Amino acid sequence: MEDRRQASAHDGSDHRDTKREGAVATRERVEADFDHQSLEWLAERHSHNDELRAKCPVVWNSRYRGFWFVAGYDEVRAVAQDSATFTPRFEESSPDGLRYIGIMGVPRREGMPPVGIAEAEGVRHAALRRLLNPFMLPPAVAGLRPFMEAAATWFMDQRIEAGSMDVVLDFTNPVPAVLTMKMIGLPCESWGHYAEFFHATAAYGEDMLEYQTAVARVPEMVAELIEIAEQRRHDPKGDILSELVTVEIGGHRLSNDDVVAILWNLIGGGLDTTTSLTSLALHDLAGHPELRQRLIEDLDLLLPACEEYLRWTSVNETLTRTCTRDTELGGQLIKRGDFVMMSWLGANFDPAVFDRPHDVIIDRAPNPHLSFGVGTHRCIGLHLARSLFMVMMKEVLTRIPDYSVDGEATQFYQGNPELYGIVRMPVTFTPGAKVGGPRPF
């Protein structure tokens, strides 16, 4: 990765007029030929996004049956905010004649179930968010904070006397995982079972053995979740799963397929994105000791640092939508049925909005990043993600502040243009004492 070390800055706020009513393009169609699935392209994705944005913030790529790649901040924001024109719907054969690709990329990865909340629309989407809000809003997250802290302390205790750990596998992975299990209503002891599967589907390209092995287990995982859902129908508790199996939307209860699709969304999001955010932040701080020391000396800086690492890591790099009507975006004519890929990474590094975008500026203000999305489909777990990041970062910076990363043994995600993170990251540090206390789950 590039050297992105800085101490302070301000952001510009001059935005472009990106979307107008009607469907008349204001410039000739701009095309670019690139394979966003290739390891070579992904290895240089920052420079590619910069080049494409500079050429035109909205470009047509004829590969994979054709799609629009959107890398400008204002253009990405416009797409995300207008879910009527740019729908997240997934339906391969619709009565209206369109093929709706959903949110999971171009082409959509085969074998993956629908993403229950993120690909829902209208009344159904609103009803699901109402169901989940009591578990996700700030008061609920504040109530979960003691569990997060206890879990972070307990997992750190398991390795702190040894003076070494894999900070991903031993810490940033399990802490969000046990919290996700607890909130949904799955056995906390099964966190490793689910984490291994969902990380494998995110961390590797479709042609890689690890991904193919994981996808082969999808029917097994679906059957397992259906069995647990059926059990909960007869024995509801105060968790998300109980709400899902008892709620009625439009006078009907959710089917098992519906419940599985929603659980897939919640488990995948809960087990992957905050783990990646925190792991990448720790990796960056390992290479920039002056930034790490600032945070150690002033933990209040974790608040703006969280927002900056959300922007700079952009772990959810892209999402796709389907255009439902002819419209104009960034001077380009987007036709009904066209696929549109939003580059959150491109938006979050747009120099028209962020001064020195490739630098980590831990007290950057303002910081209008789009890492949680915008509009009706904004990430419902954003308060949870921020809180988990703060808890895990504080645990590391206060208990193993001198950690050193084994760069040669660190393995990053590869082959996935939608998500980015770290598979494993061994670290060493001065051994410390356990805090003690029972396992919190």
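On a predicted model such as this, the values are computed, not experimentally measured, just so you know.
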Enquirer: Does a donor on one side chain and an acceptor on the other come within less than 3.5 Å for Asp96 and Ser94?
Expert: yes

Enquirer: Does atom CD of Glu196 have more than 12 heavy-atom neighbours, drawn from other residues, nucleotides or ligands, at distances under 6.0 Å?
Expert: no

Enquirer: Do the two ring centres, one from His369 and one from Phe354, sit under 6.0 Å apart?
Expert: no

Enquirer: Taking atom types as modelled, is there a side-chain donor on Tyr73 or Asn348 under 3.5 Å from an acceptor on the other?
Expert: no

Enquirer: For a quick check under 3.5 Å, do Gln332 and Glu328 share a side-chain donor-acceptor pair by atom type?
Expert: no

Enquirer: Give me each pair satisfying ring pair (Phe, Tyr, Trp, His ring centres under 6.0 Å) with a member in residues 110-139, each pair once, sequence neighbours excluded.
Expert: His125-His377

Enquirer: Under the 3.5 angstrom rule, does the side chain of Gln37 hit a backbone N or O of Val106 as a donor-acceptor pair?
Expert: yes

Enquirer: Can we say Glu317 and Arg45 salt-bridge, meaning some charged N sits less than 4.0 Å from an Asp/Glu carboxylate O?
Expert: yes

Enquirer: Do Trp68 and Asp338 meet the criterion of a side-chain donor-acceptor pair at a distance under 3.5 Å?
Expert: yes

Enquirer: Evaluate side chain to side chain contact (heavy atoms under 4.5 Å, CB included) for Leu345 paired with Thr318, printing each intermediate quantity in order.
Expert: CA-CA 7 Å; Leu345 183 145; Thr318 62; over 6 Å; no

Enquirer: Is there side-chain contact between Leu144 and Met183, with at least one heavy-atom pair below 4.5 Å?
Expert: yes

Enquirer: For residues His46 and Asp50, is any side-chain donor paired with an opposing acceptor at under 3.5 Å?
Expert: no

Enquirer: Under 4.5 Å between any side-chain heavy atoms of Tyr309 and Leu277, yes or no?
Expert: yes

Enquirer: Only counting residues at least two apart or in another chain, list the ones meeting salt bridge (Lys or Arg N to Asp or Glu O under 4.0 Å) with Asp258.
Expert: Arg124

Enquirer: Determine, for Tyr64 and Arg108, whether the Lys NZ or Arg CZ falls below 6.0 Å from the six-membered ring centre while staying within 45 degrees of the axis.
Expert: no

Enquirer: Kindly indicate whether the side chain of Arg145, heavy atoms from C-beta on, has any atom under 4.5 Å from the side chain of Ser387.
Expert: yes

Enquirer: For Val58 and Val30, run side chain to side chain contact (heavy atoms under 4.5 Å, CB included): C-alpha distance rounded to whole Å, both residues' side-chain angles, the deciding distance at 0.1 Å, then the answer.
Expert: CA-CA 8 Å; Val58 182; Val30 178; over 6 Å; no

Enquirer: Who are the ring-ring contact (aromatic ring centres under 6.0 Å, His included) partners of Phe197, not counting sequence neighbours?
Expert: Trp264

Enquirer: If I compare all heavy atoms of Gly421 with all of Ser276, which pair ends up nearest, and what's the gap?
Expert: CA-OG, 3.5 Å

Enquirer: Could you verify whether a donor N or O on one side chain and an acceptor N or O on the other, from Glu121 and Thr87, lie under 3.5 Å apart?
Expert: yes

Enquirer: Does NZ or CZ of Arg325 lie under 6.0 Å from the centre of the six-membered ring of Phe86, at an angle within 45° of the ring axis?
Expert: no

Enquirer: Quick one: list whatever passes ring-ring contact (aromatic ring centres under 6.0 Å, His included) with Phe34, sequence neighbours left out.
Expert: Trp41, Phe69

Enquirer: Which atom pairs, donor and acceptor, lie under 3.5 Å between side-chain atoms of residues 388-398 and protein residues at least two apart or in another chain?
Expert:
from, atom 1, to, atom 2, distance (Å)
Glu395, OE2, Arg399, NH1, 2.7
Thr398, OG1, Lys394, O, 2.6

Enquirer: So that I can tick it off, tell me whether Asp239 and Lys182 are bridged by a salt bridge, with the cut-off set at under 4.0 angstrom between side-chain N and carboxylate O.
Expert: no

Enquirer: With side-chain hydrogen bond (donor to acceptor under 3.5 Å, both in side chains) as the rule and sequence neighbours excluded, what pairs involving residues 169-178 come up?
Expert: Thr172-Ser279, Asn173-His199

Enquirer: Listed by chain and number, what are the side chain to side chain donor-acceptor pair (under 3.5 Å) partners of Asp298, not counting sequence neighbours?
Expert: none

Enquirer: Kindly say whether Leu419 contributes a backbone atom to a donor-acceptor pair with the side chain of Asn316 at under 3.5 angstrom?
Expert: no

Enquirer: Mind checking what makes salt bridge (Lys or Arg N to Asp or Glu O under 4.0 Å) contact with Glu220, not counting sequence neighbours?
Expert: Arg217

Enquirer: Do the side chain of Asn133 and the main chain of Arg129 share a donor and acceptor less than 3.5 angstrom apart?
Expert: yes

Enquirer: Do Arg386 and Glu307 sit within salt-bridge range, that is, some charged N less than 4.0 Å from a carboxylate O?
Expert: yes

Enquirer: Backbone N or O of Pro357 within a donor-acceptor pair of the Arg311 side chain at under 3.5 Å?
Expert: yes

Enquirer: Just grab all the ring pair (Phe, Tyr, Trp, His ring centres under 6.0 Å) pairs involving residues 323-342, residues at least two apart or on different chains.
Expert: none

Enquirer: Assess, by modelled atom type and distance only, whether the side chains of Ser62 and Asp33 contain a donor and an acceptor separated by less than 3.5 Å.
Expert: no

Enquirer: Check whether any side-chain heavy atom of Met165 sits under 4.5 Å from a side-chain heavy atom of Val427, and report yes or no.
Expert: yes

Enquirer: Does atom CD of Glu110 have more than 12 heavy-atom neighbours, drawn from other residues, nucleotides or ligands, at distances under 6.0 Å?
Expert: no

Enquirer: With a 4.5 Å cut-off on side-chain heavy atoms, are Leu209 and Thr213 touching?
Expert: yes

Enquirer: Can you tell if the side chain of Tyr194 reaches within under 4.5 Å of the side chain of Leu225, non-hydrogen atoms only?
Expert: yes

Enquirer: Would you verify whether the NZ or CZ of Arg89 falls within 45 degrees of the ring axis of Tyr100 while also being under 6.0 Å from that six-membered ring's centre?
Expert: yes

Enquirer: Between the side chains of Asn367 and Glu308, is a donor N or O closer than 3.5 angstrom to an acceptor N or O?
Expert: yes

Enquirer: Indicate yes or no: at least one non-hydrogen side-chain atom of Thr410 is less than 4.5 angstrom from one of Val405.
Expert: yes

Enquirer: In chain order, what residues pass the ring-ring contact (aromatic ring centres under 6.0 Å, His included) check against Phe67, with sequence neighbours excluded?
Expert: His36

Enquirer: Is the shortest heavy-atom distance from the side chain of Met104 to the side chain of Phe90 under 4.5 Å?
Expert: no

Enquirer: Return yes if a side-chain donor-acceptor contact under 3.5 Å exists between Asn416 and Tyr204, otherwise no.
Expert: no

Enquirer: The criterion is salt bridge (Lys or Arg N to Asp or Glu O under 4.0 Å); which residues satisfy it with Glu210, sequence neighbours excluded?
Expert: none

Enquirer: Tell me every residue that passes salt bridge (Lys or Arg N to Asp or Glu O under 4.0 Å) with Glu224, counting only those two or more places apart in sequence or in another chain.
Expert: none

Enquirer: Are a donor atom and an acceptor atom from the side chains of Asp35 and Ser38 found within less than 3.5 Å of each other?
Expert: no

Enquirer: Main chain of Thr85, side chain of Thr327: is a donor-acceptor contact present, judged purely on distance under 3.5 Å?
Expert: no

Enquirer: Under the 3.5 angstrom rule, does the side chain of Thr322 hit a backbone N or O of Ile101 as a donor-acceptor pair?
Expert: yes

Enquirer: Would Asn49 and Phe349 satisfy side chain to side chain contact (heavy atoms under 4.5 Å, CB included), going step by step from the backbone distance to the final call?
Expert: CA-CA 9 Å; Asn49 270 270; Phe349 284 77; over 6 Å; no

Enquirer: Does this structure show an ion pair linking Arg29 with Glu31, if we count only N-O contacts that are shorter than 4.0 Å?
Expert: yes

